[in-house]
Amino acid sequence: MTRIVGEEARRLILGPADKAARRLIGAVLVRVLPTGERLSGRIVETEAYLGVRDRASHAFGGRRTARNESMYRGAGVGYVYFTYGMHFCFNVVCGEVGEPAAVLVRAIEPLEGIELMRERRELGARRTRTGGTPASPAAEKKALRDVELCNGPGKLCQAMGIDRELDGVDVLSDGALRLELTAPVRRLGRGTRIGIDSAGAWAARRLRWVEAGSGFVSRPVGKASAGE
DNA sequence: ATGACGATTTACT
DNA sequence: GTAAATCGTCATA
């Protein structure tokens, strides 16, 4: 399948975050490790963070700090932040320079490097549970299925090795983290964003997008479960 | 300097 | 369903 990269891709994602969030479904995210090994996956779930008026956005009200500086650097920049004391989340910035709009990548369908992803996820999970001490027999038996490797914003960062060092990189250049667009995905589902309950009326906006029918999303849309 | 909290994940009842 | 883990960031003082 034809991959759209570089400046052509930048033009396609530049604009309102809701539009960019839809366009990014189906795009391929590629991580090139320092060893040269490749990890990649198709984006199957995104959320739009519209800009300074969006109460759920880190840039709400024009807030601009060291943490969210990348959001202001223009379309194609990656915004990686650390949260809950243990997880990273990855966004693709889609606004003009100075306008902090971005798309949170919430889930990908693993394509390349699946066994490396599994190692990272299982090691990480063990470390979280035991604080670095030897794992219990039960923990050692823990085996993650493919569908559990990247079905959440923190999980995919752990699997792909995305951390603070990749904050601010241009994902439309040939670097350690690359974005390759494909033809638009037709079958989309939408729902409300997850984990933003304190955002008032903005929490009700349906700014979350998934590839319809994908089994690799963090949670299905369209049901009355928490977060919908 | 301090305290509250988070665009999450996991385990447990 | 609920709670714990775990710490950088930010607003307040």
Side-chain angles (χ1 to χ4, degrees), chain A residues 17-18 20-21 24 43 45-72 78-95 100-108 117-118 120-133 135-145 147-160 162-165 167-168 190-210 216-219 221 223-228:
Chain A
D18 192 37
L24 284 172
I43 296 174
E45 178 178 351
T46 58
E47 283 180 0
Y49 288 85
L50 271 42
V52 298
R53 70 187 187 285
D54 182 351
R55 178 133 205 182
S57 171
H58 290 167
F60 174 63
R63 195 164 78 235
R64 185 168 186 167
T65 66
R67 175 174 73 151
N68 70 2
E69 176 63 26
S70 295
M71 294 186 80
Y72 290 82
Y79 168 43
V80 179
Y81 67 90
F82 183 65
T83 191
Y84 288 100
M86 61 191 91
H87 301 296
F88 291 97
C89 294
F90 168 71
N91 297 251
V92 178
V93 175
C94 60
V103 175
L104 171 69
V105 178
R106 286 195 55 91
I108 64 177
M117 291 182 186
R118 199 185 323 276
R120 286 180 175 280
R121 287 275 292 123
E122 291 176 357
L123 283 171
R126 191 170 306 143
R127 188 153 54 92
T128 294
R129 282 194 305 274
T130 67
T133 59
S136 67
E140 289 290 355
K141 269 188 286 194
K142 178 76 172 182
L144 295 174
R145 296 171 296 143
V147 73
E148 298 172 293
L149 298 178
C150 298
N151 61 339
K155 296 178 188 179
L156 74 90
C157 283
Q158 184 175 48
M160 298 275 281
I162 297 173
D163 63 19
R164 217 183 312 272
E165 295 204 342
D167 180 41
R190 76 189 298 192
T192 55
R193 295 176 293 182
I194 293 172
I196 54 160
D197 298 335
S198 62
W202 283 90
R205 297 278 300 263
R206 301 209 306 160
L207 295 171
R208 173 174 171 244
W209 295 90
V210 300
F216 292 89
V217 298
S218 66
R219 330 165 67 161
V221 294
K223 296 186 176 172
S225 57
E228 295 300 330

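A, B, ... follow the sequence lines: proteins, then strands. Residue 1 opens every chain.
- Here the straight-line distance linking atom CZ of A:Phe216 with atom CG of A:Leu149 works out to 8.5 Å at 0.5 Å rounding.
- Here the straight-line distance linking atom OH of A:Tyr49 with atom CG of A:Asn68 works out to 14.0 Å at 0.5 Å rounding.
- At a threshold of 4.0 angstrom between heavy atoms, the contacts of A:Leu104 include nucleobase atoms, whether or not backbone atoms are also involved.
- Rounded to a whole Å, the CG atom of A:Leu123 is 18 Å from the P atom of B:dT9.
- The existence of a salt bridge linking A:Lys155 and A:Glu148 is excluded, since no basic side-chain nitrogen approaches an acidic carboxylate oxygen closer than 4.0 Å.
- If you measure from atom CZ of A:Arg55 to atom P of B:dC5, you get 14 Å, rounded to the nearest angstrom.
- As the counterpart of C:dC7, B:dG6 is assigned, both hydrogen-bonding distances of the Watson-Crick or G-U wobble pattern falling under 3.5 Å.
- Look at CD on A:Gln158: it is 11 Å from C1' on B:dT10, rounded to the nearest Å.
- With B:dG6, C:dT9, B:dA7 as the choices, the nucleotide that has an atom nearest any side-chain atom of A:Arg164 turns out to be C:dT9.
- Here A:Arg121 reaches the OP1 or OP2 of B:dT10: one of its side-chain N or O atoms lies under 4.0 Å away.
- Of the listed nucleotides (B:dT9, C:dT9, B:dA7), B:dT9 has the atom at the smallest distance from the side chain of A:His87.
- The CG-C1' distance, from A:Asn68 to C:dA11, rounds to 14 Å in whole Å.
- A:Glu47 contributes atom CD, which lies 7.5 Å from atom OG of A:Ser218 (distance to the nearest 0.5 angstrom).
- Under the stacking criterion of a centre-to-centre distance below 5.5 angstrom and an interplanar angle below 30°, A:Tyr84 sits stacked against the six-membered ring of B:dG6.
- At least one side-chain nitrogen or oxygen of A:Arg106 sits closer than 4.0 Å to the OP1 or OP2 atom of B:dT8.
- Residue A:Arg64 contributes atom CZ, which lies 17 Å from atom C1' of C:dT9 at whole-angstrom precision.
- Rounded to an integer number of Å, the gap from CZ of A:Phe88 to P of C:dA5 is 20 Å.
- For the pair A:Tyr81 and B:dA7, the ring geometry does not qualify as stacking, because the centroid separation below 5.5 Å and plane angle under 30° are not jointly satisfied.
- Phosphate proximity of B:dG6 to A:Ser198: present, with a side-chain N or O under 4.0 Å from OP1 or OP2.
- No more than 12 heavy-atom neighbours from other residues, nucleotides or ligands sit within 6.0 angstrom of CZ on A:Arg55.
- Base pairing of B:dA1: its partner is C:dT12, meeting the Watson-Crick or G-U wobble criterion (both donor-acceptor distances under 3.5 Å).
- In this structure, the CE atom of A:Met86 is 13 Å from the C1' atom of B:dC5, given to the nearest Å.
- The side chain of A:Lys155 lies closest to B:dT10 when the candidates are B:dT10, B:dT8, C:dA11.
- Rounded to an integer number of Å, the gap from CZ of A:Arg205 to P of B:dA7 is 18 Å.
- If you check every strand for non-hydrogen atoms under 4.0 Å, A:Phe82 touches sugar and phosphate atoms only.
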